[in-house]
**Student:** 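Let me give you the structure first, and then I'll get to my questions.
Lettering of chains follows the sequences in order, A, B, ..., and the numbering in each one begins at 1. Quick caveat: nothing in here was measured; it's all calculated off a predicted structure.
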2 protein chains.
Amino acid sequence: MGIADRREREKLQRRNTIVDAAEKIFFSKGISNTTMDEIAEEAELSKATIYLYFKSKEELYCAIIQRAMDILKNYFKEAIDLNACGLERLYHIAQKLYQFYKDYPNYFESMFHREKNPEYFSYENPMIKDLMEQGEEMYMMGVQIIKDGIEDGSIRSDVDPYKTALALDGMLGGFIRTISLEEDHLMKYHNISAAELIHYSMELIGHALKNKDGCPGKKCNPDKINAKNKGGKCKNRKEK
Amino acid sequence: MGIADRREREKLQRRNTIVDAAEKIFFSKGISNTTMDEIAEEAELSKATIYLYFKSKEELYCAIIQRAMDILKNYFKEAIDLNACGLERLYHIAQKLYQFYKDYPNYFESMFHREKNPEYFSYENPMIKDLMEQGEEMYMMGVQIIKDGIEDGSIRSDVDPYKTALALDGMLGGFIRTISLEEDHLMKYHNISAAELIHYSMELIGHALKNKDGCPGKKCNPDKINAKNKGGKCKNRKEK
DNA sequence: TTACTTTCTGACCACCGGTCAGTAAGTAGA
DNA sequence: TCTACTTACTGACCGGTGGTCAGAAAGTAA
């Protein structure tokens, strides 16, 4: 039916304008300092209306995290689809995470902000479950890349793809978060820029994973990867 | 004066009982779900009294973080004082961090919980400054150990102690935090225990840092370090 | 025009962080 | 022991916030 369709569309649109408004104010004042009334005003609706679309302030915040994860997933996909060896693509994933942090610092921060409220933050909650599944999907991207890397010889064969992906996930996320909390402090007291530190850390990780013999593809040199290197030089990647 | 002394002592004691009470309730219900009235009741004081000792709920929470940092610092000191090569002691620091997480999961979690409320979370605030300085101190422990490791040959000489310590700080912290958020999930879906994953990650980091030639001290074998190994085997450590 | 559904809202509530005037307890000097 | 003063504490209160609900408004179908 046309009308039902239109209604569905408009409903989704309303929902989006609410999330837009929430985002704007959450990001400018912090979650605990913004009131539902302010969000309502920004969205040009009454507070009660917002509660028709979202059960609670927390759920509204989750909608923002969902947006963030969507974007990040697309960033990752770009890195995965490169035609390069596994190690190189792994570098690029890390690079993408950093780029995401730079492009959307607020989205980035929001992803780490969940207070463990057991009442809300449980697998039963469909919204949370969805977030979990998104995270799982990104994790599996990492696993696949590491597997590829082992297969194409760029990554040590005694590396466990599952554990490594988990480790990198936690490390990189936590790492960038630390940086985001202390970027000023970093520059002021240690005279190190965030970008520099990220790059350095990626080198460290590369050191931990790379095959001593190097990637068999002659043109692939994971030691010298940086953001400008768009990949595509390593011809050794096996196509499925 | 005796009386002034006693008063000072009693004041400190009151403060501690308040923090005790706050800890108990914060940890059981989460920070945003506990009220100051509840804390007051647990401390057997009126709410107004609590505000004589702490300016705000946030400041009270900071007092808990301070406790956490004190404990963690002592854990680290134990690892530092081992008579072992730099790389081995670095392993032990990571081990200690994990042990701290196991012994005091709530303290651990609390340290990462700061919402960036710029109004409160600034260098001007003496309480925050104190926390920063504590963090700085722990960071310098890491730097020193890495320097020792380079000197005694257990760590690659082209490693930058400052950047590496920063990277490890962020990585390990974020890593364990991820684990803490998803420990159940980890076991259920990936059949990996937290301890196992930590150990694996430490091996990864070791791989990234260790000198290819190994620690010159014959008896030191950083590849095979685990929690039971209390160190003290590597005689190559230079004493200042 | 009427009957019905969907969408929205003003007014309200319970609760919470934080304040303040005022009380109780302790101290010091006479 | 009485008095003046300081310190430690509290009950009662306030403004603001997340969340609710009865009912208005707008849209739809006949």
**Student:** Check every atom of D/dG11, C/dG10, C/dT7 against the side chain of B/Ala48 and return the nucleotide holding the closest atom.
**Tutor:**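 Taking heavy atoms from C-beta onward, the closest nucleotide is D/dG11.
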**Student:** Separation of A/Leu60 atom CG from D/dT17 atom P, in whole Å?
**Tutor:**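 Taking CG of A/Leu60 and P of D/dT17, I get 16 Å after rounding.
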**Student:** B/Met36 CE to D/dA12 P: how many Å, rounded?
**Tutor:**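 These atoms are roughly 20 Å apart.
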**Student:** Does B/Lys47 get its side chain close enough to the base of D/dG11, under 3.5 Å, for a donor-acceptor pair?
**Tutor:**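 Such a pair does not exist between side chain and base.
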**Student:** Between B/Asp20 and B/Arg67, is there a side-chain N and carboxylate O pair less than 4.0 Å apart?
**Tutor:**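 The answer is yes: the pair qualifies as a salt bridge.
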**Student:** Looking at the side chain of B/Leu52, which of C/dT9, D/dC9, D/dG19 is the nearest nucleotide?
**Tutor:**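 Looking only at side-chain atoms, B/Leu52 lies closest to D/dC9.
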**Student:** Can you find an N or O donor on one side and an acceptor on the other, under 3.5 Å apart, linking the side chain of B/Lys57 with the base of C/dG18?
**Tutor:**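 A donor-acceptor contact between them is absent.
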**Student:** Rounding to a whole Å, what distance do you find between A/Glu58:CD and D/dT17:C1'?
**Tutor:**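 Going from A/Glu58 (CD) to D/dT17 (C1'), I get 15 Å.
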**Student:** When the distance from CZ of A/Arg7 to C1' of C/dC8 is rounded to whole Å, what number comes out?
**Tutor:**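 After rounding, the gap between these two atoms is 12 Å.
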**Student:** Could you walk me through whether A/Leu97 and A/Phe76 satisfy the side-chain contact (heavy atoms from CB on, under 4.5 Å) test, starting with their C-alpha distance in whole Å, then the side-chain angles of each, then the deciding distance to 0.1 Å, before giving a yes or no?
**Tutor:** CA-CA 8 Å; A/Leu97 185 61; A/Phe76 278 3; 4.3 Å; yes
**Student:** Should the ring pair A/Tyr162 and A/Tyr139 be called parallel, tilted or perpendicular, given that the plane angle runs from 0 to 90° and is split at 30 and 60?
**Tutor:**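 Correct class here is tilted.
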**Student:** What is the nucleic acid contact for A/Thr49, judged by heavy atoms within less than 4.0 Å: base, sugar-phosphate only, or nothing?
**Tutor:**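 Base: the residue A/Thr49, judged by heavy atoms under 4.0 Å, touches a nucleobase.
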**Student:** How is A/Lys11 classified with respect to the nucleic acid when contacts are heavy atoms under 4.0 Å: base, sugar-phosphate, or nothing?
**Tutor:**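 Here A/Lys11 touches the backbone only, sparing every base.
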**Student:** In whole Å, I'd like the distance from the CZ atom of B/Phe54 to the P atom of C/dT19.
**Tutor:**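 Result: 15 Å.
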**Student:** Checking all strands, does A/Tyr53 fall into the base, sugar-phosphate, or nothing category for heavy-atom contacts under 4.0 angstrom?
**Tutor:**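 Sugar-phosphate contact only - A/Tyr53 comes under 4.0 Å of backbone atoms but never of a base.
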**Student:** Distance check needed: D/dG18 P versus A/Asn33 CG, whole Å only.
**Tutor:**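 Rounded to whole Å, this separation is 10 Å.
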**Student:** How is A/Leu45 classified with respect to the nucleic acid when contacts are heavy atoms under 4.0 Å: base, sugar-phosphate, or nothing?
**Tutor:**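 Result for A/Leu45 = sugar-phosphate.
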**Student:** Nearest heavy-atom pair of B/Asp160 and A/Tyr200: which atoms, and what distance?
**Tutor:**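 Minimum heavy-atom separation between B/Asp160 and A/Tyr200: N-OH, 2.8 Å.
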**Student:** Rounded to the nearest angstrom, tell me the gap between atom CG in B/Asp37 and atom C1' in C/dA14.
**Tutor:**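 To the nearest whole Å, that distance equals 13 Å.
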**Student:** Any chance the side chains of B/Asp148 and B/Gln144 put a donor and an acceptor closer than 3.5 Å?
**Tutor:**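 Looking only at side-chain atoms, B/Gln144 and B/Asp148 do form a donor-acceptor pair, the distance falling under 3.5 Å.
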**Student:** Please report, rounded to the nearest Å, how far the P atom of D/dA22 is from the OH atom of A/Tyr51.
**Tutor:**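 My rounded result for the distance is 18 Å.
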**Student:** Look at the side chain of A/Thr35 and decide which nucleotide, out of D/dC9, D/dG18, C/dC8, has an atom nearest to it.
**Tutor:**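 The closest nucleotide is D/dG18.
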